[in-house]
Number of protein chains: 2
Amino acid sequence: MVGDAWSALILRDASRGMTQFDQFRTSLGIAPNILSRRLKSLTEAGVLEKRRYSERPPRDEYVLTEAGREFIPILAAMGEWGRRYNGGGQPMSHLVDDTTGETIHALVIDESTGRPLREMPMRLVMPAA
Amino acid sequence: MVGDAWSALILRDASRGMTQFDQFRTSLGIAPNILSRRLKSLTEAGVLEKRRYSERPPRDEYVLTEAGREFIPILAAMGEWGRRYNGGGQPMSHLVDDTTGETIHALVIDESTGRPLREMPMRLVMPAA
DNA sequence: CAGCATCCGTCGCGATACTG
DNA sequence: CAGTATCGCGACGGATGCTG
C-alpha cells in the first residue's frame with residue numbers, strides 16, 4: 001500500500017491534519033496528476049476517505065479512516081528505525097509528545113506481555129493450505 | 001528500502017532463519033535474477049550481510065544484521081495491521097510466542113511512557129533548514 | 001482550488017537461458 | 001547451489017495543458 005514514492009508521505013502529512021489537495025501538493029512538491037492518482041489509490045485501499053465539505057464551489061477533503069490512523073504508528077516506527085540506522089548523525093525530523101514536548105521513541109511490543117518484539121523468540125504460523 | 005514487491009518478504013524469510021539463495025528462491029517463487037538484485041540491494045542497505053561459509057565450492061549465505069533484526073518488528077506490526085484491516089476474516093499467517101505458543105499482537109508504543117502511539121497527540125518536528 | 005487527459009522516460013518485475 | 005545475461009512488459013513518476 002505504501003510501496004511507492006509518495007503514499008507514505010501523504011499519510012504522514014494527513015496525520016498532521018492536512019486534508020486538501022493543494023496542501024499536499026505544495027507540501028510535497030508532487031505533480032498534480034500523480035497526487036490525484038495516489039489519493040485515489042489510498043482511498044480505495046481504505047486508509048483515506050474523501051468527503052465533500054462544500055457544495056458551491058464543490059470541495060473535497062481527504063481524512064484518515066480508522067485504518068489509516070492505525071497505520072501512522074507504523075510510519076513512526078519506520079522513522080525511528082531510519083533515525084537509528086540510517087540517520088548518520090544528521091539532524092532529522094522526529095516526533096514529540098504534543099502535551100509534554102518530550103521526544104517520542106517508537107517501540108514495537110507484544111500487546112499481552114508488554115515485551116519488545118525485538119527480544120522475543122517467535123514463529124510464523126501459516127494458515128492451513 | 002522495502003518499497004518493492006519482494007524485499008519485505010525476503011526479510012521476513014530471513015527472520016525465520018533462511019540464509020541461502022535457493023531457499024529464498026523456492027520459498028518465494030521469485031525469478032533468480034530478481035532475487036540476486038534484491039539481495040544485493042538489501043546488503044547495500046545494511047540489513048543483510050553476505051558471508052562465505054564454504055570455499056570449495058564457494059558458497060555464500062545472507063544473514064540479518066542488527067539493523068535488519070531491528071526491522072523485523074516493523075514487519076510484524078504491518079502484518080498485525082493487515083490482519084485487522086485487510087484480512088477480511090480469511091485465515092492468515094500470524095506470529096506466535098515460540099516458548100508459550102501464545103499469539104503475538106504487535107503494538108507500537110512510546111518507549112518512555114509506555115503509551116500506545118495510536119492514542120498520543122504528537123507533533124512532527126523538522127530539523128533546522 | 002481541485003482535479004483529469006495525454007504523452008513520455010525510467011525502473012522494477014517476469015521468463016528464459018546459460019555458467020561455474 | 002548460486003548466481004549472470006537478455007529481453008519484453010507494465011507501473012510509476014514527471015511535464016504540460018485543460019476544465020469547472
Side-chain angles (χ1 to χ4, degrees), chain A residues 1-65 68 71 75 78, chain B residues 1-65 68 71 75 78 82 86:
Chain A
M1 182 187 79
V2 295
D4 62 277
W6 294 109
S7 293
L9 298 171
I10 292 172
L11 292 184
R12 179 201 64 182
D13 279 359
S15 79
R16 300 166 61 196
M18 228 169 261
T19 61
Q20 297 180 6
F21 192 93
D22 220 57
Q23 291 179 324
F24 293 115
R25 198 187 57 73
T26 63
S27 162
L28 299 172
I30 181 177
N33 55 341
I34 304 301
L35 176 57
S36 176
R37 203 189 283 174
R38 301 277 58 119
L39 288 174
K40 187 169 301 183
S41 85
L42 288 170
T43 301
E44 287 166 359
V47 290
L48 285 182
E49 190 184 358
K50 186 177 189 168
R51 258 193 332 225
R52 175 141 301 188
Y53 68 93
S54 160
E55 287 297 341
R56 258 176 321 278
R59 290 283 180 275
D60 294 313
E61 62 180 357
Y62 296 87
V63 293
L64 288 171
T65 62
F71 194 77
L75 292 179
M78 286 197 267
Chain B
M1 182 188 79
V2 296
D4 63 277
W6 294 109
S7 293
L9 298 171
I10 293 172
L11 292 184
R12 179 200 64 180
D13 279 358
S15 79
R16 301 166 61 197
M18 227 168 261
T19 60
Q20 297 180 5
F21 192 93
D22 221 56
Q23 291 179 322
F24 292 115
R25 197 187 57 73
T26 63
S27 162
L28 299 173
I30 181 178
N33 54 342
I34 304 301
L35 176 57
S36 176
R37 201 189 285 174
R38 301 279 54 122
L39 288 173
K40 188 169 300 183
S41 86
L42 287 170
T43 301
E44 286 165 359
V47 290
L48 286 183
E49 191 184 358
K50 187 176 188 168
R51 257 195 330 228
R52 174 140 302 188
Y53 68 94
S54 160
E55 287 296 345
R56 256 176 322 278
R59 290 283 180 275
D60 294 312
E61 61 179 358
Y62 296 87
V63 292
L64 288 171
T65 62
F71 194 77
L75 292 178
M78 286 198 268
N86 278 308

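Sequence lines set the chain letters: A, B, ... in the order given, protein chains first and strands last, and positions in each chain run from 1.
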According to a strict under-4.0 Å criterion, is R38(B) in side-chain N/O contact with OP1 or OP2 of dC13(C)? yes
Test item: side-chain donor near acceptor, Q20(A) and Y53(A), under 3.5 Å: yes
pair R38(B)-F24(B): side-chain heavy atoms closer than 4.5 Å: no
Figure out the CE/P separation between M18(A) and dC1(C), and round it to whole Å. 14 Å
Less than 4.0 angstrom between a side-chain N/O of Y53(B) and OP1 or OP2 of dC1(D), yes or no? no
Taking the nucleotide of DNA chain D with the closest heavy atom to each, which residue, A5(A) or P32(A), is nearer the 5' end? A5(A)
Taking only the side-chain heavy atoms of S36(B) (C-beta and beyond), determine which of dT16(D), dG3(D), dC13(C) contains the nearest atom. dG3(D)
Are L48(A) and L64(A) side-chain neighbours, meaning at least one heavy-atom pair lies under 4.5 Å? yes
Using only side-chain N and O atoms of Q20(B), determine if any of them is under 4.0 Å from OP1 or OP2 of dA2(D). yes
Could you say whether W6(A) or P58(A) is positioned toward the 5' end of DNA chain D, judged by the nucleotide with the nearest heavy atom to each? W6(A)
Is the closest side-chain heavy-atom distance between F71(B) and S15(B) below 4.5 Å? no
Residues of residues 21-31 of chain A with any non-hydrogen atom less than 4.0 angstrom from an atom of DNA chain C: list those, numerically ordered, please. F21(A), D22(A)
Taking only side-chain N and O atoms of K40(B), does any of them lie within less than 4.0 angstrom of OP1 or OP2 on dG12(C)? no
Please tell me which of the listed nucleotides, dT6(D), dG12(C), dG20(D), lies nearest to the side chain of N33(B)? dT6(D)
Can you tell which of V2(A), L42(A), I10(A) makes a side-chain contact (heavy atoms from CB on, under 4.5 Å) with V47(A)? L42(A)
Please determine if a side-chain N or O atom of Y62(B) lies less than 4.0 Å away from the OP1 or OP2 oxygen of dG3(D). yes
Quickly work out the R51(B) CZ to dA2(D) P distance and round it to whole Å. 14 Å
